Each structure stands twice: as structure tokens, then as C-alpha cells.
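Just so you know, ligand 1 is whichever comes first in the structure, and atom 1 is the first atom listed for that ligand. Just so you know, these numbers come straight off a predicted model, no measurement behind them.
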Amino acid sequence: MTTNLLEFKDVQYTYPGGKAPVLRGVSLGIPEGKKCVLLGRNGCGKSTLFLHGNGIFQPQQGQVFWRGQPFVYKRSFLQEMTKKVGLVFQDPEHQLIASTVSEDVSYGLFNQKLAPELVREEVHLILERFGLLAMADVPIHHLSLGQKRRLALAGVMVLKPELLLLDEPTAYLDRYQTKNLLRELDQIHANGTTVLMATHDLDVAFEWAEWMCVLDAGQAVFQGAPEEALVKRDMLERLDLGVPLIAEVWESLPLDLRESWGGGTPRSLGELRKRILQKTV
Ligand SMILES: Nc1ncnc2c1ncn2[C@@H]1O[C@H](COP(=O)(O)OP(=O)(O)O)[C@@H](O)[C@H]1O
Ligand SMILES: [Mg+2]
């Protein structure tokens, strides 16, 4: 049986001064080892939920669990959670705090009281891995948005989290950059980190996710495999999330063609292309 790394049970949260709760009893689990997506329209509460995922926010009702253990809102536990759950904010400006690239990546390691020699080694490795080595001494304000995003991700991955939370990582990226990012996340996942990405982009979710949670107006309304979500297309349409483009394309093809190309809806254009080639070569 898969264990849930992170679990939210009936989590409620109202912002100070807010009239209505933003999270209205969210219950959902993030299974260990899966590529997960938290899908929902703008304003449904994804970012607010993420802030509960590593203990920055504390639920006013309900509980958050790590491997079945309830969060304890004390310094030592929260420090531990910061290591285990890496959170990459949507806006890298909220994440990057030091003045240069290497200083920024060092920050979390120094916080963990690692020896300077070890910090230097880890920083070198991670900058190399994320293609930022040549920029080690560049001031952060000289970086492009894409480079800042990479740096924010590197700064989180250097701490080797068990769970990576990414808030709308594909926002403002073009198709090429999005593709690269998804491959990068595949790599991170292949190296053993569970990944949860918040997005409102159903196409990205459908192509990439193995596990999908749908949030609507502060409540979890679905969790399961993306194919199952497709079966519940009334729900997707009702929530204005639409239908994945690839599903629309697929369903516009004649039935006999679909059957000869493998039956079930392909998850991406790449997969469709592969199936067609296999049949025609
Ligand atoms: N700091 C804040 N203070 C008050 N309300 C907020 C704050 N941040 C977000 N909200 C409100 O909470 C709701 C959910 O926001 P958010 O979690 O950012 O949703 P999402 O990430 O899905 O777009 C929105 O209505 C938003 O206006
Ligand atoms: Mg958000």
C-alpha cells in the first residue's frame, strides 16, 4: 500500500481580517513517490494550502500529517519540516533573499549549521546540476525570471527534500520552457523526491501527473488518477477547468482509428505521435 507523505484532514483557514474561510475543510493525501498535481482555478486556495504543507501556516481547524504524524507547531518540528518539504513559491522574488546566486543557495545549508567546506561542495554540485555554475557570483537582480526560477528550485533542492511543492511553476513559461521544466521535474522525481505541483493548467496536469487532486472554492473535490478525472468530465467542465486539449483532439477522431491506435486517450501529443508512428511504420 502506498503511504501518504503529507495529509490534510478537514483543514480550515481564514486570513486575518478575512470575512470567509479560504480553505473550507480540505481533506486530501499526497502519496509517496508519485508525480502529483493540485489543480484548481485561480483563487481556489492552492497557495494557501501549500503554506500549510510545511507548517508556515497553521490550520485554524483540522490537522496536517507527515507520514501519519500530526504536525507540531514548535520550532524544532517546523525546522525539520522545512528540510523535508521544499516549497518553491510562484514568484521567485519572494524566495530569493541573498545578493548573489551562490550565497542564496548556501543560505539554507548554513541554517542547518553545515561546515563551510561541506556547504561549498554542496553548492557547487547543485549549481552544476541546475546549469547555474557560470553565474555563481552574479547578483540576483541581474537574472532573468527563468533564471530566478531555476535558482529558487536549486535553493530548495540543495536541502534534498522528500517532498517538493511547486506553486504554479509553469506560469509565464513558453511551451519550450514548460517542456524543459517538466523534464527537470521528472528527473527530480526519478531521483526519489515526491513532487506536488499546483497549477490551473489542465493540459499540463493531464500530461504530467500520476496523481491528481482538484480543489474548488477551498474544498477538495477529487483525488485520483488523471484518467479517472477525465471520466468525471462533468466535474471538470462544471469547475471551468475544461477538458484536456489532447482529449478533445482524440475524441474528434473516428472510433476505428482510435481503436487501431490503442483505445484509451493518450496523455500528450508526444504519446499520440508515438502511437501513430508505431502503427504506420
Ligand atoms: N494574504 C492574504 N490575505 C487575505 N486574503 C488572501 C491572502 N492571500 C490570498 N487570499 C485570498 O484567498 C483566496 C485563495 O487564494 P490562493 O490560496 O492564493 O488561491 P490560488 O493559489 O488557488 O490562486 C483568494 O480569494 C485570495 O484573494
Ligand atoms: Mg496561487
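- Near ligand 1, residues Tyr15, Val22, Arg41, Asn42, Gly43, Cys44, Gly45, Lys46, Ser47, Thr48 come within 4.0 angstrom through at least one heavy atom.
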Under 3.5 Å, which donor-acceptor pairs do the side chains of residues 229-238 form with other protein atoms, sequence neighbours left out?
from	atom 1	to	atom 2	distance (Å)
Arg233	NH1	Glu251	OE1	3.1
Arg233	NH2	Glu251	OE1	3.2
Arg233	NH2	Glu251	OE2	2.7

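- Note on ring orientation: taking the six-membered ring where Trp is involved, the planes of Phe71 and Tyr73 are tilted (angle from 30° to 60°).
- Inter-residue side-chain proximity for Leu165 and Asp167 is flagged as unmet; no heavy-atom pair is nearer than 4.5 Å.
- In this structure, Glu162 and Trp66 have side chains that are in contact, with non-hydrogen atoms separated by less than 4.5 Å.
- Taking backbone and side-chain atoms together, Gln90 has no N/O/S atom less than 2.8 Å away from the Mg ion (ligand 2).
- Using a 4.0 Å cut-off between charged side-chain N and carboxylate O, Arg129 and Glu122 make no salt bridge.
- The aromatic rings of Tyr13 and Phe57 lie parallel to each other, their planes meeting at an angle below 30°, with 60° marking the opposite boundary.
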